[in-house]
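In what follows, every chain begins at residue 1, and chains take the letters A, B, ... in the order their sequences are listed. Hydrogens, waters and symmetry mates are skipped; everything else that's a heavy atom, side chains included, is used. Just so it is clear, the model here is predicted, and its values are computed rather than measured.
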Amino acid sequence: MQVIEQILTRSVVEGIKLLYGQSCPPELIQLQKTRREFDGDITLVVFPLLKLSRKSPDITAADIGSYLQDHCQEIVRFNVIKGFLNLVISTGYFLGHLNRALDAERYGFCGVLPDSRTIMVEYSSPNTNKPLHLGHIRNNLLGYAVSNILEANGQRVIKTNLVNDRGIHICKSMLAWQRWGNGETPADSGKKGDHLVGEYYVKFDREYKKQIADLVAAGMSREEAEKKAPLMIEAQEMLRKWEAGDEAVLLLWKKMNMWVYEGFDGTYKRLGVHFDKIYYESETWIPGKNAVLEGLGKNVLVKRDDGSVWADMRDKGLDEKVLLRSDGTSVYMTQDIGTAKVRQQDYAPDKMVYVVGNEQNYHFKVLAIILDMLGFPWAKTLHHLSYGMVELPEGKMKSREGTVVDADDLMDEMIDTAREMSKELGKLEGLSDDEKEDIFRIIGLGALKYYMLKVDPVKNMLFNPRESIDFDGNTGPFIQYTYTRILSVFRKAEELQIDRPDRSPENIAVNDKEKNLLRLIHEFPAVLADAGETFNPSLIANFIFELVKEYNQFYHDYSILKEEDPEIRKFRLVLSRVVSGIVKNGMELLGVEMPERM
RNA sequence: GGUUCCGUAGCUCAGUUGGAUAGAGCAACAGCCUUCUAAGCUGUGGGUCGCGCGUUCGAAUCGCGCCGGAAUCACCA
């Protein structure tokens with residue numbers, strides 16, 4: 001809670017005691033931001049207090065208003081409109097707060113505290129059979145941003161990735177490469193490793209479809225054809241060999257996965273995300289299998305006649321879930337059980353956050369239940385941070401129809417757009433080509449990242465590849481632009497030999513735009529805390545947009561360096577300094593870099 | 001069919017521990033650059049907050065029922 005709200009809550013409780021002889025539970029005190037059209041900073045809603053005052057809303061509001069004005073030095077005046085008590089906070093209070101913000105190393109951020117929790121955040125979680133796409137971009141940006149936000153709230157965060165490097169999907173790519181690859185490698189083809197492997201995955205799918213069609217044409221049912229197609233049978237055989245440790249299969253698997261990892265590393269690096277620890281399912285499926293077998297021994301799981309092992313959750317209103325196939329191989333769930341177990345052994349986190357799409361809501365619900373059935377006390381620390389799908393105008397991305405938006409291509413396009421636009425505007429004269437390219441990259445990626453993070457994670461979002469992402473309005477470049485304008489003021493101040501003030505005067509009058517900015521600055525720590533509690537980066541994104549929009553108005557309406565009153569000029573410089581700090585630090589939480597000029 | 005999530009301006013989205021006349025951006029139209037960067041600022045038009053009922057002094061926000069969309073309910077991941 002913000003400082004002023006604590007002061008006011010306490011003061012209102014005291015006032016009600018004095019005025020009406022009633023003790024007021026603090027939860028009845030509803031404080032909110034005053035709406036723009038009224039005079040005031042904070043509004044007390046008096047309706048819930050009427051049962052204590054036993055007076056009309058207007059009289060109650062006036063009583064409390066007078067009390068606060070007399071007893072609370074931060075309140076300079078008030079007005080009452082239809083049961084809403086609008087309170088005007090002294091400018092001095094906000095200016096004092098501004099100076100504290102200026103002194104803070106990173107205003108609004110918390111350092112690690114003695115009672116900080118260790119939180120493990122899993123994100124990205126790619127399969128090793130194809131390159132990353134638009135959906136992964138949302139996932140990566142969310143996971144990275146949430147991790148940063150939790151850290152800014154004083155938690156110890158371990159960013160982790162779970163690479164799904166085993167299973168039938170990678171066997172499909174391997175099989176196709178073996179058959180049709182003619183030894184092609186990333187090195188001699190010039191293709192990025194993940195893209196190359198992805199091509200063979202697609203090749204498998206195409207050939208597999210042909211086989212199915214042939215079998216169906218020969219009179220087989222589609223369902224049977226899907227199971228009996230020779231390619232599928234071969235892929236399954238390959239998976240069995242893999243689990244049995246067949247050397248040739250393992251060698252091929254290692255080679256192709258290595259290509260994929262090198263490709264992923266390039267994409268991650270460009271996106272600006274990284275991990276503290278990477279887990280591989282190929283290393284956690286055995287612990288998972290063991291946990292399942294132990295569960296079987298303790299009779300919390302059941303074995304069927306065909307040898308398959310199941311969790312029976314029908315008493316919990318859910319169904320049964322297979323954990324080991326009849327041929328003894330493990331499934332996705334088994335691997336996740338193992339991964340969770342290994343992580344507990346490695347780090348014993350207080351909380352385990354899984355950033356995974358909402359298509360897996362059921363999976364994570366079941367995972368937590370099964371871990372609980374298996375007797376792990378930490379089962380309840382799992383949190384599925386579920387986010388919505390990224391959809392195209394024509395619906396879901398489908399690799400079959402070639403509508404998948406590739407992550408690498410998209411980043412290229414964004415940077416190209418930034419380059420074209422910058423050239424048109426022609427503001428970067430005098431910079432070296434390298435400097436320019438760096439700025440294009442920062443702007444292009446900034447547009448992409450902000451676009452994805454400003455949307456509430458739970459919601460599905462639309463991405464239209466034909467209408468490229470905007471650079472005006474509520475966008476990353478708009479925010480970056482505002483930031484560079486502020487830096488430009490500071491550079492100009494230096495040229496004019498205007499000293500950088502180390503604090504703002506606190507006894508000056510401010511205009512409306514300045515007051516709005518002071519209020520927003522005051523609000524930032526609460527927004528950051530809220531974003532951490534709700535795992536929601538969009539709160540930060542939307543707050544920063546509001547802040548820079550307000551700053552642009554101020555910048556447009558008033559001059560900073562040409563202001564004649566030196567005290568006001570000092571204040572405006574400090575105000576700009578604090579705004580630029582919030583914008584930079586806040587955008588960095590989102591993984592968006594800030595250019596120095598643009 | 002069961003379960004979960006979503007439905008706010010032409011489009012993309014804010015706003016939901018219940019509060020005042022529901023806000024931005026884009027698109028459209030009309031203005032503002034000898035000034036600290038016009039990727040900016042100002043203005044105009046644009047809404048049965050999917051529909052209905054209920055709870056309440058007060059509902060976009062909470063409950064119930066519909067309608068629309070999505071996901072999921074695999075020996076896929």
Q) When all nucleic acid strands are considered with a 4.0 Å heavy-atom cut-off, which category describes A/Gln360: base, sugar-phosphate, or nothing? A) base
Q) Looking at A/Trp253, does the NZ or CZ of A/Arg166 lie under 6.0 angstrom from its six-membered ring centre and within 45 degrees of the ring axis? A) no
Q) Do you know the tightest heavy-atom contact between A/Ile560 and A/Ser576? A) CD1-OG, 3.6 Å
Q: Quick one: label A/Pro393 by what it contacts on the DNA or RNA (base, sugar-phosphate, nothing), any heavy atom closer than 4.0 Å.
A: nothing
Q) Paired with B/G10 by Watson-Crick or G-U wobble geometry, both distances under 3.5 Å: which nucleotide is it? A) B/C26
Q) Is A/Ile443 touching bases, backbone alone, or none of the nucleic acid, heavy atoms closer than 4.0 Å? A) base
Q. Any stacking of A/Phe47 on B/G19, going by centres under 5.5 angstrom and planes within less than 30 degrees?
A. yes
**Q.** Any-strand Watson-Crick or G-U partner of B/C32, both distances under 3.5 Å
**A.** B/G40
Q. Closer to the 5' end of RNA chain B via nearest nucleotide, is it A/Val489 or A/Glu281?
A. A/Val489
Q. Atom CG of A/Asn358 and atom C1' of B/C73: how far apart are they, to the nearest Å?
A. 15 Å
Q.
Looking at A/Glu320 and A/Arg304, is any side-chain nitrogen of the basic one under 4.0 Å from a carboxylate oxygen of the acidic one?
A. yes
Q: Please lay out, stage by stage, how A/Thr329 and A/Leu324 fare under the test side-chain contact (heavy atoms from CB on, under 4.5 Å).
A: CA-CA 6 Å; A/Thr329 56; A/Leu324 291 177; over 6 Å; no
(Q) Between B/G40 and A/Tyr481, is there a base-stacking contact, meaning the centre of the base's six-membered ring lies under 5.5 Å from the residue's ring centre while the planes stay under 30° apart? (A) no
**Q.** Protein-nucleotide distance (A/Phe554, atom CZ; B/U37, atom P), rounded to Å
**A.** 14 Å
Q. Rounded to the nearest Å, what distance is computed from the CG atom of residue A/Leu431 to the C1' atom of nucleotide B/U37?
A. 13 Å
Q) Considering only side-chain heavy atoms of A/Asn460, which listed nucleotide, B/A70, B/U37, B/C6, is closest? A) B/A70
Q. Counting side-chain heavy atoms from C-beta on, which of B/A20, B/U37, B/G19 comes nearest to A/Arg597?
A. B/U37
Q | Spacing of the P atoms in B/C26 and B/G43 (rounded, Å) | A | 14 Å
(Q) Rounding to an integer number of angstrom, what distance separates B/U12 and B/G7 when you compare their C1' atoms? (A) 14 Å
Q) Would you say B/C76 has OP1 or OP2 under 4.0 Å from some side-chain N or O of A/Arg325? A) yes
Q | B/A20 base / A/Thr43 side chain donor-acceptor hit below 3.5 Å | A | yes
Q | Nucleotide forming a Watson-Crick or wobble pair with B/C64, both distances under 3.5 Å | A | B/G52
Q.
Ring-plane angle category for A/His383 and A/Phe535, please: parallel below 30°, perpendicular beyond 60°, tilted otherwise.
A. parallel
Q. Which whole number of Å gives the distance between the C1' atom of B/G63 and that of B/A27?
A. 39 Å
Q.
Between A/Arg35 and B/G23, is there a contact of a side-chain N or O with OP1 or OP2 at under 4.0 Å?
A. yes
Q. So how far is it from A/Ile42 CD1 to A/Thr34 OG1, rounded to the nearest 0.5 Å?
A. 7.0 Å
Q: Tell me what A/Gln30 touches on the nucleic acid: a base, only sugar-phosphate, or nothing, going by heavy atoms under 4.0 Å.
A: base
Q.
Pair A/Asn358, A/His384 - check side chain to side chain donor-acceptor pair (under 3.5 Å), show working.
A. CA-CA 9 Å; A/Asn358 62 14; A/His384 176 202; over 6 Å; no
Q. When the P atoms of B/C29 and B/U34 are considered, how many whole Å apart are they?
A. 24 Å
Q) Rounded to whole angstroms, how far apart are CG on A/Asp456 and C1' on B/G7? A) 14 Å
(Q) Quick check: any donor-acceptor pair below 3.5 Å linking the side-chain of A/Asn552 to the base of B/A38? (A) no
Q: Assign A/Val331 to base, sugar-phosphate, or nothing according to its heavy-atom contacts below 4.0 angstrom with the strands shown.
A: sugar-phosphate
Q | Rounded C1' spacing from B/A22 to B/G47 in Å | A | 9 Å
Q.
Side chain of A/Val45 only, heavy atoms from C-beta on: which candidate in B/A20, B/G19, B/A38 is closest?
A. B/G19
(Q) Starting the side chain at C-beta, find the nucleotide from B/C13, B/C26, B/C41 nearest to A/Leu462. (A) B/C13
Q: Under 4.0 Å between any heavy atoms, over every strand shown, what does A/Ser422 touch: base, sugar-phosphate, or nothing? Just pick one.
A: base
Q.
By the 4.0 Å heavy-atom rule, please label A/Phe471 as base, sugar-phosphate, or nothing.
A. base
Q. What nucleic acid atoms does A/Tyr555 come within less than 4.0 Å of, heavy atoms only: base, sugar-phosphate, or nothing?
A. base
Q.
Rounding to an integer number of Å, can you tell me how far A/Leu85 CG sits from B/G19 P?
A. 18 Å
**Q.** Separation of atom CZ in A/Arg166 from atom C1' in B/C76, rounded to whole Å
**A.** 12 Å
Q: Classify the nucleic acid contact of A/Asp530 as base, sugar-phosphate or nothing, counting any heavy atom under 4.0 Å across all strands shown.
A: nothing
Q) Between B/C57 and A/Lys82, is there an OP1 or OP2 to side-chain N/O distance shorter than 4.0 Å? A) no
Q.
Under 6.0 Å from the ring centre and within 45 degrees of the ring axis: does the NZ or CZ of A/Arg577 meet both conditions for the six-membered ring of A/Phe490?
A. yes
Q: Indicate whether OP1 or OP2 belonging to B/A14 is found under 4.0 Å from a side-chain N or O atom of A/Lys459.
A: yes
Q: Looking at every strand, decide which applies to A/Tyr332 at a 4.0 Å heavy-atom threshold: base, sugar-phosphate, or nothing.
A: base
Q: Send over the distance from A/Asp39 CG to B/A20 P, rounded to a whole Å.
A: 18 Å
(Q) As a test of reading the structure: which of B/C73, B/U37, B/A20 is closest to the side chain of A/Tyr362, going by heavy atoms? (A) B/C73
Q | Nearest listed nucleotide, side chain of A/Phe545, among B/A38, B/U4, B/G25 | A | B/G25
Q. More 5' along RNA chain B: A/Met598 or A/Asp319, using each one's nearest nucleotide?
A. A/Met598
Q. Among the nucleotides B/C26, B/U72, B/U35, which one has an atom lying closest to any side-chain atom of A/Asp472?
A. B/C26
Q.
Say we look at B/C73 and B/C57: how far apart would their P atoms be, to the nearest angstrom?
A. 46 Å
Q | B/A28 and B/C33, which share atom name C1', separated by this distance in whole Å | A | 23 Å
Q.
Does A/Leu425 reach a base, just sugar-phosphate, or nothing at all? Heavy atoms under 4.0 Å.
A. base
Q: Write down the partner of B/G1 under the Watson-Crick or G-U wobble criteria, each distance required to be under 3.5 Å.
A: B/C73
Q.
With a 4.0 Å cutoff (strictly under), does any side-chain N or O of A/Gln553 reach OP1 or OP2 of B/U42?
A. yes
Q.
Rounded to whole Å, please give me the gap between OH in A/Tyr450 and C1' in B/C26.
A. 13 Å
Q) Any idea if B/C33 is syn or anti, going by the 90°-from-0 cut? A) syn
**Q.** salt_bridge(A/Asp456, A/Lys459) N-O dist < 4.0 Å
**A.** no
Q: Go through the steps to decide whether A/Asn129 and A/Ser173 satisfy the test side chain to side chain donor-acceptor pair (under 3.5 Å), and finish with yes or no.
A: CA-CA 6 Å; A/Asn129 61 337; A/Ser173 299; 5.0 Å; no
Q. With rounding to whole Å, what would you report as the distance between B/U37 and B/A24 at their P atoms?
A. 28 Å
